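These figures come from a predicted structure and were not determined experimentally.
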Amino acid sequence: MTLTEEILELKQKRNAVILAHYYQEPAIQEIADFVGDSLELARQAAGTDADTIVFCGVHFMAETAKIVNPSKTVLLPDINAGCSLADACLPGDFAAFRKANPDHYVVSYINCSAAIKAQSDLICTSSNAVHLVNQIPKDRPILFAPDKNLGRWVAEQTGRELTLWNGSCQVHEAFSEEALMELWTANPGCEVIAHPECEEALLRLADFVGSTSALLRRVQESKAETFIVLTEPGIIHKMLQVAPNKVFLDVPGRDGCNCNSCPWMKLNTLEKVRNCLRDLTPEIKLDEELRLKALQPLERMLALS
Ligand code: 13P
Ligand code: SF4
């Protein structure tokens with residue numbers, strides 16, 4: 001049996017659904033039941049009637065699935081698939097940040113742990129952050145965590161002043177501006193599209209900024225034929241499926257490294273998907289009190305977006 005056949009057989013045996021983020025390697029996207037951005041994946045996890053969710057993404061995404069659908073067995077093929085953004089926002093430091101800004105409404109990007117979600121009023125993703133912040137009463141000051149780049153972009157889009165937690169994504173901060181300029185010069189008429197986790201200087205050079213799903217819509221709707229893609233290059237697999245006649249160029253990291261690829265997302269492999277379905281581990285487990293606290297701002301997000 002091939003690995004894929006084994007996975008399909010085990011998936012049936014476990015009555016499992018495989019959810020994958022756009023940054024997963026193509027082979028995983030191909031065997032997944034659903035591929036999406038973090039908001040779409042949270043919705044899929046909340047609504048599934050499968051017994052087991054195999055979450056091919058990073059830890060905070062699988063944890064979110066468990067928070068919104070606790071009766072399911074949620075498996076993360078590699079338990080070390082973290083996120084530099086989520087892992088650098090620690091609950092004690094975050095509590096101090098809130099304490100220093102006591103009257104603020106706390107909006108946290110979904111890229112954070114359950115312990116941070118539990119201390120937040122509202123969760124957002126990059127696809128609904130502008131829409132959600134626009135719904136907060138104008139006289140209420142807002143704290144935004146943990147991504148300062150997304151926060152700055154949301155502040156610009158909404159005209160709201162946001163007090164930002166000083167965090168960022170290691171991957172989206174790695175793109176080389178010099179390499180971007182070279183690609184741009186070599187491809188007249190191309191369009192630069194970027195995820196809002198990129199640094200301000202790069203976002204200023206972009207023709208279009210949006211979440212992973214928004215970028216996918218853009219490449220289908222735009223008249224441009226060549227796109228310079230300022231986000232994790234895993235998404236190019238889906239871009240080629242939805243716009244097969246267009247050209248997508250990823251941007252290397254500084255010093256020509258391939259650090260534009262998220263090393264945590266790429267920890268998941270087909271073999272580990274097979275193993276987790278076979279052994280029902282690594283499983284996401286959560287303290288029930290913490291889960292209930294983290295659920296409230298997530299439910300608010302799902303209701304408002
Ligand atoms: P999306 O919400 O656009 O899927 O982004 C998730 C993420 O981790 C980006 O780095
Ligand atoms: Fe986290 Fe950045 Fe990887 Fe997204 S790309 S999972 S924000 S480290």
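Taken to the nearest 0.5 Å, the CG atom of Leu19 stands 7.0 Å off from the CG atom of Asp33. Summarising the geometry, atom CG belonging to Leu8 is positioned 10.0 Å from atom CE belonging to Met1; distances are rounded to the nearest 0.5 Å. The CD atom of Glu182 sits 12.5 Å away from atom CG of Leu249, with the distance rounded to the nearest 0.5 Å. Residue Lys72 holds its NZ atom at 6.0 Å from CG of Asp51, rounded to the nearest 0.5 Å. Rounded to the nearest 0.5 angstrom, Leu150 CG and Cys124 SG are separated by 6.0 Å. For the atom pair Cys169 SG and Leu85 CG, the distance stands at 6.5 Å (nearest 0.5 Å).
Closest of all the heavy-atom pairs between Leu162 and Gly151 is CD1-O, 3.4 Å. Closest of all the heavy-atom pairs between Met61 and Ser38 is CE-CB, 4.1 Å. The heavy-atom pair separating Leu90 from Asp87 by the smallest distance is CD2-O, 3.7 Å. Closest heavy-atom contact between Leu290 and Ala115: CD1-CA, 3.8 Å.
Leu41 and Ile28 are assigned to two separate hydrophobic clusters, defined by single-linkage of ILVMFWY side chains at heavy-atom distances under 4.5 Å. Linking Ile, Leu, Val, Met, Phe, Trp and Tyr whenever their side-chain heavy atoms come within less than 4.5 Å puts Leu122 and Phe60 in one cluster. Val209 and Leu39 fall within the same hydrophobic cluster, where Ile, Leu, Val, Met, Phe, Trp and Tyr residues are linked whenever their side-chain heavy atoms come under 4.5 Å apart, directly or through other members. The hydrophobic clustering, which links ILVMFWY residues whose side-chain heavy atoms are closer than 4.5 Å, places Leu202 and Leu164 apart. No continuous path of ILVMFWY side-chain contacts below 4.5 Å connects Leu76 to Ile31, so the two sit in separate hydrophobic clusters.
Using a cut-off of 4.0 Å between Lys/Arg side-chain N and Asp/Glu carboxylate O, Lys266 and Glu232 are scored as salt-bridged. For the pair Glu30 and Lys238, the salt-bridge criterion is not met [side-chain N within less than 4.0 Å of a carboxylate O]. The pair Glu289-Arg291 fails the salt-bridge criterion, with no side-chain N (NZ, NE, NH1 or NH2) lying under 4.0 Å from an Asp/Glu carboxylate O. Using a cut-off of 4.0 Å between Lys/Arg side-chain N and Asp/Glu carboxylate O, Glu6 and Arg274 are scored as salt-bridged.
A perpendicular orientation is assigned to the rings of Trp165 and Phe97, their planes being inclined by more than 60° (bins at 30° and 60°).
When atom types are taken as modelled, the side chain of Gln157 and the backbone of Arg152 share no donor-acceptor pair closer than 3.5 angstrom. Under a 3.5 Å cut-off, the side chain of Lys246 and the backbone N or O of Leu240 do not form any donor-acceptor pair. A distance-only check finds no donor-acceptor pair linking the side chain of Arg254 to the backbone of Ser176 [under 3.5 Å]. Using modelled atom types, no side-chain atom of Gln12 and backbone atom of Glu9 make a donor-acceptor pair closer than 3.5 Å. A donor-acceptor contact shorter than 3.5 Å is absent between the side chain of Asn128 and the backbone of Ser305. A donor-acceptor pair is defined here as one N or O able to donate and one able to accept, closer than 3.5 Å; no such pair exists between the side chain of Asn260 and the backbone of Gly253. Checking side-chain atoms of Ser222 against main-chain N and O of Ala224 turns up a donor-acceptor pair under 3.5 Å. His237 contributes no side-chain N or O that, together with a main-chain N or O of Gln24, makes up a donor-acceptor pair within less than 3.5 Å.
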Exercise for the section: Please lay out, stage by stage, how Thr4 and Thr2 fare under the test side-chain hydrogen bond (donor to acceptor under 3.5 Å, both in side chains). Expected result: CA-CA 5 Å; Thr4 305; Thr2 65; 4.6 Å; no
Problem - Ser168/Glu197 under side chain to side chain contact (heavy atoms under 4.5 Å, CB included): CA gap, chis, key distance, verdict - result: CA-CA 7 Å; Ser168 57; Glu197 284 179 15; over 6 Å; no
Exercise for the section: Dump the intermediate steps for side chain to side chain contact (heavy atoms under 4.5 Å, CB included) on Leu298 and Val68, then the final yes or no. Expected result: CA-CA 8 Å; Leu298 267 171; Val68 296; 4.1 Å; yes
Exercise for the section: Walk me through it: do Asn245 and Glu225 pass the test side-chain hydrogen bond (donor to acceptor under 3.5 Å, both in side chains)? Expected result: CA-CA 8 Å; Asn245 298 321; Glu225 278 167 13; over 6 Å; no
Practice task
I would like to know whether Ser261 and Tyr23 meet side-chain hydrogen bond (donor to acceptor under 3.5 Å, both in side chains); could you show each step before the answer?
Solution key: CA-CA 8 Å; Ser261 173; Tyr23 297 165; over 6 Å; no
Practice task
Would you sort out whether Val107 and Asp121 count as a side chain to side chain contact (heavy atoms under 4.5 Å, CB included), showing the intermediate values?
Solution key: CA-CA 6 Å; Val107 182; Asp121 295 306; over 6 Å; no
Practice task
Test side chain to side chain contact (heavy atoms under 4.5 Å, CB included) on Leu183 and Val251 and set out the steps.
Solution key: CA-CA 8 Å; Leu183 284 170; Val251 182; 4.1 Å; yes
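Residues Cys276 and Pro77 form a side-chain contact, since some pair of their non-hydrogen atoms from C-beta on lies under 4.5 Å apart. By the 4.5 Å heavy-atom criterion applied to side chains, Trp264 and Gln170 are counted as neighbours. The shortest side-chain heavy-atom distance between Pro146 and Tyr109 falls under the 4.5 Å cut-off. Side-chain atoms of Thr64 and Ile123, non-hydrogen and from C-beta on, never get closer than 4.5 Å to each other. Side chains of Val219 and Leu215 form no contact here, defined as non-hydrogen atoms less than 4.5 Å apart. Annotation: side chain of Cys198 is in contact with side chain of Phe175 (closest heavy-atom distance under 4.5 Å). Residues Phe55 and Ile18 form no side-chain contact, since every pair of their non-hydrogen atoms from C-beta on lies 4.5 Å or further apart. Side-chain contact between Ile53 and Lys66 is absent, with no heavy-atom pair separated by less than 4.5 Å.
The only member of Leu180, Leu205, Val247 that meets side chain to side chain contact (heavy atoms under 4.5 Å, CB included) when paired with Ile228 is Leu180.
Looking only at atom types and distance, the side chain of Asn111 has no donor-acceptor partner in the side chain of Asp147 under 3.5 Å away.
The side-chain hydrogen bond (donor to acceptor under 3.5 Å, both in side chains) pairs that include a residue from residues 92-105 are Arg98-Gln119, where partners are two or more places apart or lie in different chains. The side-chain hydrogen bond (donor to acceptor under 3.5 Å, both in side chains) analysis of residues 202-220, with sequence neighbours excluded, yields the pairs Asp37-Ser213, Glu40-Ser213, Glu156-Arg204, Glu191-Arg218, Glu200-Arg204.
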